[in-house]
Chemist: 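There's a structure below that I have some questions on.
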Amino acid sequence: MRNLFIIFLLLLPIFSYAETKTITKTAKVVVPENQSVEQVKQYTSERLFREAAEEAGVAVSSSIVLVDGKVSKDEIKMQTSAIAQKDVSILKQEIENGQTYITVQVKATVDAGELDAFLRQLMQNEALKQELEKERKEKLALEKKLKNASKEEYDKTLSVQAENITKAQVARQKQLEKEISNAKQQLMEAQRRQNAEELQAAKELEQIQKEYMAQDAKLQTRIAAEKDAQAKAEMEHQALLAELAKNALVNDKTMDIAVNDTVEIIAMDAAQVRTNFSSLVNEYKAAMNANSRKLEIYHKSQLDILEKQKFTEEMPKKGEWDNTAAYNEKKAAYNKRKEYFENKKKQDIADLKAEYAERKANSEKDTKTSLLKALKPLYERLKKYNTGMYVASDTSKAVIDFGERDLDNIELPIIVKYKMKKYNFKYKFTSLQEFRAMYDTRASFKAVPVYALEPNSAKGAKPYLTGFRVVHLGNNKEQFFSINADYEIFPEILQYEQMAQELSPKPKQQEPEKIEMSVSSDYSSNSYKKHTSDTIKTVNSYKTNYWLYGIQGAGGFNLDIMNIEFSIQSHWRFNKWFGIYTNGSVLVGINGLKSSFSSDDDYDDYDDYYDYYYRSYEKSISTIDTGIALGLGLDFYLTNNILLFGEINAAYFIEDNGKNSFGGIFRGGLALQNKDMKHTGMRLNIFIEGIVTDTISGSSPYFGAGIYF
């Protein structure tokens with residue numbers, strides 16, 4: 001039995017395994033009146049977790065063979081109280097016979113591996129106790145035997161024990177000698193393997209040295225070949241430079257601009273196209289209006305005829321021999337005929353109105369279809385002008401500078417200077433040889449400005465810069481570099497596309513704004529675009545910026561308080577209603593600025609005031625001669641021409657009385673400006689101003705006006 005138990009302990013770790021088991025328990029319980037649902041849920045879930053733990057313990061213990069009944073189920077269940085994961089939920093809450101019931105469900109996740117470990121420990125402890133108990137019994141038996149034995153038996157027993165000890169020592173010595181022998185053999189085998197590995201490493205090193213010498217010989221041969229190729233390439237490069245220089249002289253003389261391709265000629269043609277477009281629209285609109293009037297006149301005449309129709313039959317009279325039934329039958333027939341007449345009249349009027357609406361719609365559709373067909377060539381030309389590429393007729397050329405060469409990406413930074421602005425581009429080359437040749441002859445690079453057209457006033461057109469054609473005169477290789485140019489779409493293009501959309505509408509999330517058939521001079525609804533050669537994308541037309549510079553003056557009702565300001569402003573307009581600007585200015589005082597606290601009658605009460613200012617009845621001494629100011633302002637657009645503005649500046653005043661000071665300037669007022677300030681324009685400011693410094697605190701407002709360009 002003891003041997004079987006030891007074998008079972010040896011096999012137990014093999015067959016045991018860690019298993020995670022999830023047990024679900026559900027219970028329907030009543031909620032007493034003096035307890036809450038949460039309290040009932042709490043103690044019910046604790047009871048269910050205990051049951052789940054007991055169930056998990058029984059499930060584990062049932063898979064274990066108990067030995068001599070030493071391992072009890074109670075001992076197993078003691079280890080199941082630690083549950084790895086607990087989930088509690090209320091599945092249902094209901095009322096039955098006036099009593100509240102809840103259904104509680106718990107999910108307990110138990111790691112059975114912990115139970116297996118506990119069982120193995122219990123069984124090992126049991127085996128150790130049995131072993132100790134056996135040795136104790138044997139010792140007691142031996143002591144009892146020796147106690148009762150004679151001297152001869154005592155000596156014999158000791159002799160047997162000594163013999164057993166000697167045998168055990170001999171067996172142990174043999175075991176040690178065997179282990180030492182095995183260790184020596186293993187050491188010899190390790191030394192043999194080490195010697196073999198060292199020999200193999202020496203052979204591999206010799207092979208690597210041979211391969212290195214062969215590769216070095218190939219490398220020397222390749223270096224010599226590359227030197228020859230480099231010398232040949234240098235000769236070809238010099239020949240290419242000579243050819244490029246020769247071609248540059250020829251191409252520079254023959255690089256003339258065709259007159260009929262210039263943007264000035266195209267602008268005149270675009271203006272004529274816009275005029276023709278407007279004329280066609282007006283002609284078709286007049287024709288459509290005339291036709292609509294004819295249809296309306298015809299419709300009104302027909303409608304008058306129908307509306308004037310009356311039921312002329314008179315009410316039947318009761319005959320001499322008509323009884324009541326017969327007479328009522330006559331009246332019913334009369335009323336039926338009258339009702340039929342009135343209904344038919346209403347139906348005829350409705351049919352006439354429907355016919356008129358249909359004929360009017362068809363007439364307008366036919367007119368617009370014919371108009372679109374007539375306008376299509378003009379529309380296509382304006383689209384081409386709007387995004388085309390045209391050069392100017394003047395001979396002014398852009399200046400080109402060059403940045404640092406990028407040999408890794410085979411590209412050369414180019415800085416084009418044109419009309420006080422700089423544009424940065426990267427010229428890419430197809431090969432390093434081409435890069436070198438064109439770089440060495442970079443004086444042959446030329447940049448030609450390229451323009452397209454946008455509307456100018458109601459019927460005109462003006463050019464806007466789209467980019468530069470950069471050409472090398474030595475080989476006539478050309479690259480075009482576009483710039484992010486905002487431009488305005490011709491309103492005729494939008495008008496044509498709107499009419500086309502009305503004829504064949506497409507489903508959209510938002511209805512587009514209706515565009516009248518007449519050409520308007522107000523371009524606030526047109527959109528500025530980013531220039532592309534193949535597509536047009538609409539962006540907000542009010543995202544623009546512009547610079548203003550000019551003068552303005554502020555003073556009181558007499559010339560004794562006045563200053564003149566020279567300033568420059570940078571404006572950003574974000575949307576239809578709002579913009580901001582920065583302001584930088586130089587102030588020049590005229591006859592000084594006097595404190596609003598001073599008066600002609602009460603100077604005796606301001607002793608400290610004389611520390612800063614000196615007033616003479618015979619002579620006025622200025623307190624502010626000049627100054628500099630920097631500030632921010634807000635623009636609120638009432639219309640495209642009229643806006644309100646407010647401004648605050650931080651200023652440093654240089655006064656002639658030795659009391660230089662810092663201060664603030666506050667303004668607010670009304671401004672009048674051109675509709676489109678993106679390129680050029682004029683602005684008039686009418687405002688009220690106040691100045692506050694550490695010496696003139698709380699000065700009264702001034703009144704002023706300014707003009708900016």
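These numbers come from a predicted model, not from an experiment. Just so you know, these numbers use all the heavy atoms, side chains as well, and skip hydrogens, waters and symmetry mates.
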Chemist: Report the C-alpha separation of F277 and S279 in whole Å, then their side-chain angles, then the decisive distance to 0.1 Å, and conclude whether the side chain to side chain contact (heavy atoms under 4.5 Å, CB included) test is met.
Modeler: CA-CA 5 Å; F277 192 101; S279 299; over 6 Å; no
Chemist: Assess, by modelled atom type and distance only, whether the side chains of N649 and E647 contain a donor and an acceptor separated by less than 3.5 Å.
Modeler: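 Yes, a side-chain donor-acceptor pair sits under 3.5 Å.
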Chemist: Could you check if a side-chain atom of L632 sits within less than 4.5 angstrom of a side-chain atom of N583, using non-hydrogen atoms only?
Modeler: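 No - every pair of side-chain heavy atoms lies 4.5 Å or more apart.
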Chemist: Would you indicate whether Q99, at its atom CD, is surrounded by more than 12 heavy atoms from other residues, nucleotides or ligands within a distance under 6.0 Å?
Modeler: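 More than 12 within 6.0 Å, yes.
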Chemist: Are K344 and D348 ion-paired here, with the side-chain N under 4.0 Å from a carboxylate O?
Modeler: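 Salt bridge flag = yes for D348 with K344.
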Chemist: Would K28 and E96 pass as an ion pair if we require N to O under 4.0 Å?
Modeler: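 Judged by the 4.0 Å cut-off on N to carboxylate O distance, K28 and E96 do form a salt bridge.
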Chemist: Would you say S567 and Y708 are linked by a side-chain donor-acceptor pair, where the criterion is simply a distance under 3.5 Å?
Modeler: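 Distance-only check passes for Y708 and S567.
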Chemist: Checking side chain to side chain contact (heavy atoms under 4.5 Å, CB included) for the pair V450/L465: CA distance, chi angles, key distance, verdict?
Modeler: CA-CA 6 Å; V450 177; L465 185 65; 5.8 Å; no
Chemist: Are there over 12 heavy-atom neighbours, none belonging to E314, within less than 6.0 Å of that residue's CD?
Modeler: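 No, CD of E314 has 12 or fewer neighbouring heavy atoms, counting only those of other groups under 6.0 Å.
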Chemist: Test salt bridge (Lys or Arg N to Asp or Glu O under 4.0 Å) on E565 and R667; report intermediate values, then the result.
Modeler: CA-CA 13 Å; E565 175 186 1; R667 297 191 186 97; 2.4 Å; yes
Chemist: Give, for atom CG of L382 and atom CG of L494, the distance between the pair rounded to the nearest 0.5 Å.
Modeler: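 Rounded to the nearest 0.5 Å, the CG-CG separation comes out at 11.0 Å.
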Chemist: Just by distance, no angles: are the side chains of N674 and N641 close enough, under 3.5 Å, to form a donor-acceptor pair?
Modeler: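 Short answer, no.
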Chemist: Could you check whether any side-chain N or O of N289 sits under 3.5 Å from a backbone N or O of K285, counting only pairs where one atom can act as donor and the other as acceptor?
Modeler: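 Such a contact is found between N289 side chain and K285 backbone.
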Chemist: Taking all atoms of both residues into account, what is the closest heavy-atom pair of Y284 and A374, and its distance?
Modeler: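 It is OH-CB, 4.0 Å.
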Chemist: Let's go through I102 and V29 carefully: what are the C-alpha distance in whole Å and the side-chain angles of both, what is the deciding distance for side chain to side chain contact (heavy atoms under 4.5 Å, CB included) to 0.1 Å, and is it a yes or a no?
Modeler: CA-CA 6 Å; I102 59 172; V29 295; 3.7 Å; yes
Chemist: Just do the salt bridge (Lys or Arg N to Asp or Glu O under 4.0 Å) check on R683 and D635 with the steps written out, would you?
Modeler: CA-CA 12 Å; R683 172 167 170 162; D635 287 332; 3.1 Å; yes
Chemist: Of all heavy-atom pairs between V448 and V391, which one has the smallest distance, and what is that distance?
Modeler: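 So the minimum-distance heavy-atom pair works out to CG1-CG1, 3.7 Å.
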Chemist: Is a donor on one side and an acceptor on the other found under 3.5 Å between the side chain of S278 and the backbone of T275?
Modeler: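 Judged by distance alone, no pair lies under 3.5 Å.
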Chemist: Is the NZ or CZ atom of R469 positioned over F480's six-membered ring, under 6.0 angstrom from the centre and within 45° of the axis?
Modeler: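 No, a cation-pi geometry is absent between R469 and F480.
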Chemist: Report yes or no: is the cationic atom of K338 (NZ for Lys, CZ for Arg) closer than 6.0 Å to the six-membered ring centre of F311, at no more than 45° off its axis?
Modeler: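 Negative - K338 is either too far from the ring of F311 or too far off its axis.
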Chemist: Can you tell me if S504 uses its side chain to pair, donor with acceptor, with the backbone of Q501 under 3.5 Å?
Modeler: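 A pair under 3.5 Å: no.
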Chemist: Could you tell me whether a side-chain N or O of N685 sits under 3.5 Å from a main-chain N or O of G669, the two making a donor and an acceptor?
Modeler: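 Checked: no pair found.
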Chemist: Looking at N97, I want to see if its CG is surrounded by more than 12 non-hydrogen atoms of other residues, nucleotides or ligands under 6.0 Å.
Modeler: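 Atom CG in N97 is not packed in, count stays at 12 or less.
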Chemist: Restricting to non-hydrogen atoms, name the atom on Q552 and the atom on G706 that form the minimum distance, rounded to 0.1 Å.
Modeler: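 Distance-wise, the nearest heavy atoms are CB-CA, 3.1 Å.
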Chemist: Say whether Y356 and E296, considering side chains only, have a donor N or O and an acceptor N or O under 3.5 Å apart.
Modeler: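 Side chains of Y356 and E296: no pair found under 3.5 Å.
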Chemist: Main chain of G460, side chain of R274: is a donor-acceptor contact present, judged purely on distance under 3.5 Å?
Modeler: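 Such a contact is found between R274 side chain and G460 backbone.
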Chemist: With no hydrogens and no angle check, do the side chains of D351 and Q347 hold a donor and an acceptor under 3.5 Å apart?
Modeler: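 Side-chain D/A pair, D351 to Q347: present.
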Chemist: Determine, for K317 against D322, whether the closest basic-nitrogen to carboxylate-oxygen distance falls under 4.0 angstrom.
Modeler: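 Judged by the 4.0 Å cut-off on N to carboxylate O distance, K317 and D322 do not form a salt bridge.
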Chemist: Might you work through the ring-ring contact (aromatic ring centres under 6.0 Å, His included) test for Y464 and Y487, ending with a clear yes or no?
Modeler: CA-CA 7 Å; Y464 69 92; Y487 70 96; 5.0 Å; yes
Chemist: Does atom CZ (F578) have a neighbourhood of more than 12 heavy atoms from anything else shown, all under 6.0 Å?
Modeler: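 Count over threshold, so yes.
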Chemist: Keeping the roles fixed (side chain from S370, backbone from D366), state whether a donor-acceptor pair exists under 3.5 Å.
Modeler: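 Flag set: sc S370 to bb D366 pair under 3.5 Å.
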Chemist: May I ask you to check if R573 and Y581 form a cation-pi contact, with NZ or CZ under 6.0 angstrom from the six-membered ring centre and within 45° of the axis?
Modeler: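 Not satisfied by the 6.0 Å and 45° rule.
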Chemist: Determine whether a donor-acceptor pair (N or O, by modelled atom type, separation under 3.5 Å) exists between the side chain of E454 and the backbone of E488.
Modeler: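 Indeed, once roles are kept as given, a pair shorter than 3.5 Å links the two residues.
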Chemist: Decide yes or no on side chain to side chain contact (heavy atoms under 4.5 Å, CB included) for Y418 and F468, but give the supporting numbers first.
Modeler: CA-CA 10 Å; Y418 183 65; F468 297 91; 3.9 Å; yes
